[in-house]
Amino acid sequence: MYDPSELINPKSKITGQSPFLKETSHWYFPLGKYQERLEKYVIESDEKYKWKENVLQYCRGWFKDGLKDRAVTRDLDWGIKVPIDNATGKVLYVWFEAVLGYISATKELFKSKGDLEGWRDYWQDLSTRYIAFIGKDNVVFHTIIFPSMLMAWNDGNADKYLLPENVPANEFLNFEGKKFSKSRGWGIDVGEFLDLFPADSLRYTLASNLPENKDTDFYWKEFQAKNNSELADILGNFVNRTFIFAHKHFEGEVPERNELIQIDTEMIANIKSYPEKIAKLIENYKIRDAVFEMMNLARAGNKYFNDSEPWVSIKSNKEQCSTTINICLQTIYTLAEVFAPVIPFSSEKIFGMLNVSPGMWNDISESTLNSGHKLGKSEILFIKIEDEVMDAQINKLGKVEEAETYDVPLISYEDFSKIDLRTAKILSAENIKKSDKLLKLRVKTAGGQRQIIAGIAKHYKPEELIGKNVIIVANLKPAKLMGNESQGMVLAVEDSDGKLNVVQVSDASKPGTNVR
RNA sequence: GGCGGGGUAGCUCAGUCGGUUAGAGCAGUGGAAUCAUAAUCCACGUGUCGGGGGUUCGAAUCCCUCCCCCGCUACCA
């Protein structure tokens with residue numbers, strides 16, 4: 001990487017001008033003044049709330065180098081103008097302004113609701129837990145810069161702002177092995193995505209593969225697999241088989257829970273332990289593990305259903321069958337509760353199918369549903385995504401990428417020099433009988449006149465070409481096209497409409513001039 | 001260049017302040033069952049833990065070195 005001042009003879013790619021140094025002045029934030037307090041803040045927050053190791057490392061690195069005062073203004077003609085008199089042409093540095101934008105946005109939100117003070121609950125109420133979920137590139141702005149700004153304000157004002165309790169930064173999410181890039185068409189727009197697939201399927205896929213420890217990728221195939229073999233096959237099918245069974249054999253009601261045998265008590269223990277386990281993981285920002293455990297509860301449900309064999313006991317021991325279905329339904333209630341943060345729409349559907357309203361997480365118990373409670377209508381929760389649908393998305397990507405990639409074999413200068421390119425003046429042009437593509441041209445070039453057959457009849461009328469100065473490949477081996485010998489080739493390029501345009505040169509070049 | 005993170009099974013990822021035969025899900029192979037969206041359940045992993053060197057009774061884990069990927073490093077948010 002070069003410093004701009006080290007470049008030799010630099011030029012702007014756009015204007016061709018050379019950059020020059022100029023003097024300017026800026027407003028600075030005295031970050032150095034806050035180092036001690038910031039270090040204390042980070043250490044204490046970590047002790048209290050257990051910060052992530054990578055986040056701590058970032059901070060330690062900055063502290064070790066020593067915090068330097070930072071310019072918080074820039075000379076740009078766009079951005080947030082510095083709101084003081086002698087600051088014309090100055091805008092706020094993005095990270096000095098963006099973090100404040102979080103507060104402004106909250107204020108705006110409440111203002112639009114007609115509540116001018118509501119924003120304070122989020123930024124100033126001591127019971128608020130301020131947690132910054134961000135990507136790895138933003139760590140220092142949320143652990144050092146913004147907290148120092150808030151400290152500065154808090155020092156001089158009565159209304160004090162909260163500092164983040166934790167900044168559980170994630171790494172980056174990539175797309176099909178490469179970085180997202182709007183300009184290169186690599187990725188998919190969320191809105192577009194949601195037109196095609198359910199939000200919950202996306203939410204589940206993202207949550208179960210969150211880049212908590214390192215960069216991860218979104219793959220269409222993985223999305224399909226997660227939707228089909230986890231959401232549909234494991235969770236969806238467990239819910240579906242239970243509901244169908246209850247409607248078919250128990251009149252759509254929650255059946256009695258009778259005498260418990262070992263697998264019953266084991267499953268009941270799961271209903272109690274999973275929410276606790278999942279809650280703990282979420283509180284420690286281990287979302288992936290939490291999501292995995294959510295699905296494990298559905299797995300346990302399937303296993304319980306399988307091992308209990310209600311399709312056998314319905315005939316031989318209806319009381320036991322009744323117990324099995326009761327416990328399966330309680331499990332489904334629990335699944336709806338624990339899955340709610342990840343797949344809220346499906347969760348709501350399940351509550352509807354159970355004909356109950358969602359409760360509080362801490363109230364989840366093994367007997368939330370009373371026997372005799374009437375169940376709602378059951379429906380399929382997740383539709384599987386077919387291969388063809390997925391392939392269509394993948395193919396779409398390939399096309400964009402192909403068009404953008406320039407990957408052709410290199411040739412040596414020697415190879416290039418073998419090609420004899422010459423200017424040529426078109427003296428005459430005429431259509432060739434029985435051909436709708438070819439034109440017969442007479443051109444003047446090096447070595448006198450010659451005949452060239454060009455495949456441009458669909459793009460030019462003969463008379464349009466006469467007198468044009470073009471470029472030809474002069475040493476191409478002669479070939480016969482539709483019975484006419486062609487002694488060379490005219491260069492042409494296709495425009496965005498698919499029309500061919502012959503490459504032209506100015507009249508100043510004598511016909512036969514070498515093109516280099 | 002400096003700082004930080006990462007490189008572990010076909011794929012996506014856990015595990016890393018040294019310690020029993022390195023794990024999970026998916027995919028794959030075989031079997032069981034048939035209530036269910038042909039869904040479910042059970043069984044099956046000889047992986048150069050990026051390469052090389054070192055410390056140690058013992059290294060994916062600590063140290064050195066090299067390679068590759070990502071982020072930050074005063075004007076993209």
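Just so it is clear, the values below take in all heavy atoms, side chains as well, and ignore hydrogens, waters and symmetry mates. Model, not experiment: these values are computed from the prediction. Naming: A, B, ... by sequence-line order, numbering from 1 per chain.
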Original post:
Ring centres of A/F175 and A/F180 under 6.0 Å apart?
Top reply: yes
**OP:** Just call it for A/F292: base, sugar-phosphate, or nothing, with non-hydrogen atoms closer than 4.0 Å on any strand.
**Re:** sugar-phosphate
**OP:** Determine the contact category for A/I380: base if any of its heavy atoms lies under 4.0 Å from a base atom, sugar-phosphate if only primed atoms, P, OP1 or OP2 are that close, otherwise nothing.
**Re:** base
Subject >> Distance between C1' atoms of B/rU20 and B/rC64 (Å, rounded) >> reply: 29 Å
**OP:** Could you check which of B/rA39, B/rU12, B/rA77 has an atom nearest any side-chain atom of A/W95?
**Re:** B/rA77
Subject >> OP1 or OP2 of B/rA36 under 4.0 Å from side-chain N/O of A/K248 >> reply: yes
Subject >> Expected output: side-chain A/N258 to main-chain A/E319 donor-acceptor under 3.5 Å >> reply: yes
Original post:
Counting distance only, does the side-chain N/O of A/W51 pair as donor-acceptor with the main-chain N or O of A/E165 below 3.5 Å?
Top reply: yes
Original post:
Taking only residues two or more places apart in sequence or in another chain, which ones pass side-chain contact (heavy atoms from CB on, under 4.5 Å) with A/T205?
Top reply: A/F218, A/F223, A/K226
Original post:
Under a 3.5 Å cut-off for both distances, is B/rA32 Watson-Crick or wobble paired, and to whom?
Top reply: B/rU40
Subject >> Pair A/D387-A/Q224, side-chain donor/acceptor within less than 3.5 Å >> reply: yes
**OP:** For A/I134 and B/rA77, give me the distance from atom CD1 to atom C1', rounded to whole Å.
**Re:** 13 Å
Original post:
Roughly how far apart, to the nearest Å, are B/rG45 and B/rU37 at atom P?
Top reply: 34 Å
Original post:
Listed in order of residue number, which residues of residues 310-324 of chain A have a non-hydrogen atom at under 4.0 Å from RNA chain B?
Top reply: A/W311
Subject >> Passing option when A/W220 is tested against A/I188, A/D391, A/V389 for side-chain contact (heavy atoms from CB on, under 4.5 Å) >> reply: A/I188
**OP:** Write down the partner of B/rA14 under the Watson-Crick or G-U wobble criteria, each distance required to be under 3.5 Å.
**Re:** none
Original post:
Which comes earlier along RNA chain B counting from the 5' end, the contact point of A/A71 or that of A/G236, where each point is its nearest nucleotide?
Top reply: A/G236
Subject >> Atom pair distance, as rounded to whole Å: CD1 in A/I332 and P in B/rU37 >> reply: 14 Å
Subject >> Distance flag, aromatic centroids of A/Y161 and A/Y130, threshold under 6.0 Å >> reply: no
Subject >> Heavy-atom donor-acceptor pair, A/N317 side chain to A/Q320 backbone, under 3.5 Å >> reply: yes
**OP:** Could you please name the option among B/rA36, B/rU73, B/rA39 that lies closest to any side-chain atom of A/K384?
**Re:** B/rA39
Original post:
Among B/rC72, B/rU37, B/rC75, which nucleotide sits nearest the side chain of A/R74?
Top reply: B/rC75
Original post:
With a non-hydrogen cut-off below 4.0 angstrom, is A/E309 in contact with a base, only sugar-phosphate, or nothing?
Top reply: nothing
Subject >> Inter-nucleotide P distance (B/rA74, B/rG2), Å rounded >> reply: 16 Å
Original post:
Taking atom P of B/rU37 as reference, at what distance in whole Å does atom CD of A/E386 sit?
Top reply: 15 Å
**OP:** Could you tell me which nucleotide pairs with B/rU61 by Watson-Crick or G-U wobble geometry, both distances under 3.5 Å, or answer none if nothing does?
**Re:** none
Original post:
Contact class for A/I383 vs. all strands (heavy atom < 4.0 Å): base, sugar-phosphate, or nothing?
Top reply: nothing
Subject >> Inter-nucleotide C1' distance (B/rG47, B/rU12), Å rounded >> reply: 16 Å
**OP:** From the options A/F146, A/F96, A/W95, A/Y58, select the one residue that forms a ring-ring contact (aromatic ring centres under 6.0 Å, His included) with A/F141.
**Re:** A/W95
Tabulate atom names and distances for all N/O pairs under 3.5 angstrom spanning the protein and nucleotides 2-11 of chain B.
none

**OP:** For B/rU55 and B/rU65, measure between their C1' atoms and round to the nearest Å.
**Re:** 15 Å
**OP:** Describe the nucleic acid contact of A/T73 in one word from base, sugar-phosphate, nothing, applying a heavy-atom distance below 4.0 Å.
**Re:** nothing
Original post:
Does the ring center of A/H142 lie less than 6.0 Å from the ring center of A/Y102?
Top reply: yes
Original post:
Whole Å only: how far is the CG atom of A/N240 from the P atom of B/rU37?
Top reply: 5 Å
Subject >> N/O donor-acceptor pair under 3.5 Å between A/K52 side chain and A/A169 backbone >> reply: yes
Original post:
Does the B/rA74 base have a donor-acceptor partner in the side chain of A/Y28 within less than 3.5 Å?
Top reply: yes
Original post:
Watson-Crick or G-U wobble partner for B/rU48, using a 3.5 Å limit on both distances?
Top reply: none
Subject >> Rounded distance in Å between the P positions of B/rG58 and B/rA14 >> reply: 30 Å
Subject >> Rounded interatomic separation in angstrom, taking CZ from A/R70 and C1' from B/rC72 >> reply: 10 Å
**OP:** Mind checking side-chain contact (heavy atoms from CB on, under 4.5 Å) for A/A298 and listing every partner two or more places apart, or none if nothing turns up?
**Re:** A/I234, A/L235, A/M295, A/L335
**OP:** Determine the interatomic distance between C1' on B/rG25 and the same-named atom on B/rA36; round to the nearest Å.
**Re:** 23 Å
Original post:
So which of residues 294-307 of chain A are in contact with RNA chain B, with a heavy-atom cut-off of under 4.0 Å?
Top reply: A/R299, A/N302, A/K303, A/F305, A/N306
**OP:** Just name whichever nucleotide pairs with B/rU55, Watson-Crick or G-U, keeping both distances under 3.5 Å, else none.
**Re:** none
Original post:
If you measure from the P atom in B/rG15 to the same atom in B/rG5, how many Å do you get, rounded?
Top reply: 15 Å
Original post:
Does B/rG1 pair with anything, Watson-Crick or G-U wobble, both distances under 3.5 Å, and if so, with which nucleotide?
Top reply: B/rU73
Original post:
Of the candidate nucleotides B/rG71, B/rU37, B/rA36, which contains the atom at the shortest distance from the side chain of A/F172?
Top reply: B/rG71
Original post:
Do A/R129 and A/N166 have side-chain atoms, one donor and one acceptor, less than 3.5 Å apart?
Top reply: no
**OP:** Quickly work out the A/L210 CG to B/rA14 P distance and round it to whole Å.
**Re:** 10 Å
Subject >> Residue list, side-chain contact (heavy atoms from CB on, under 4.5 Å) with A/S148, at least two apart or on another chain >> reply: A/F29, A/L31, A/Y34, A/L38
Subject >> Any side-chain donor near an acceptor of the partner, A/N306 and A/R241, under 3.5 Å >> reply: yes
**OP:** Whole angstrom is fine here: how far is it from CG in A/D217 over to P in B/rC70?
**Re:** 12 Å
Subject >> Atom pair distance, as rounded to whole Å: CG in A/N138 and P in B/rC72 >> reply: 8 Å
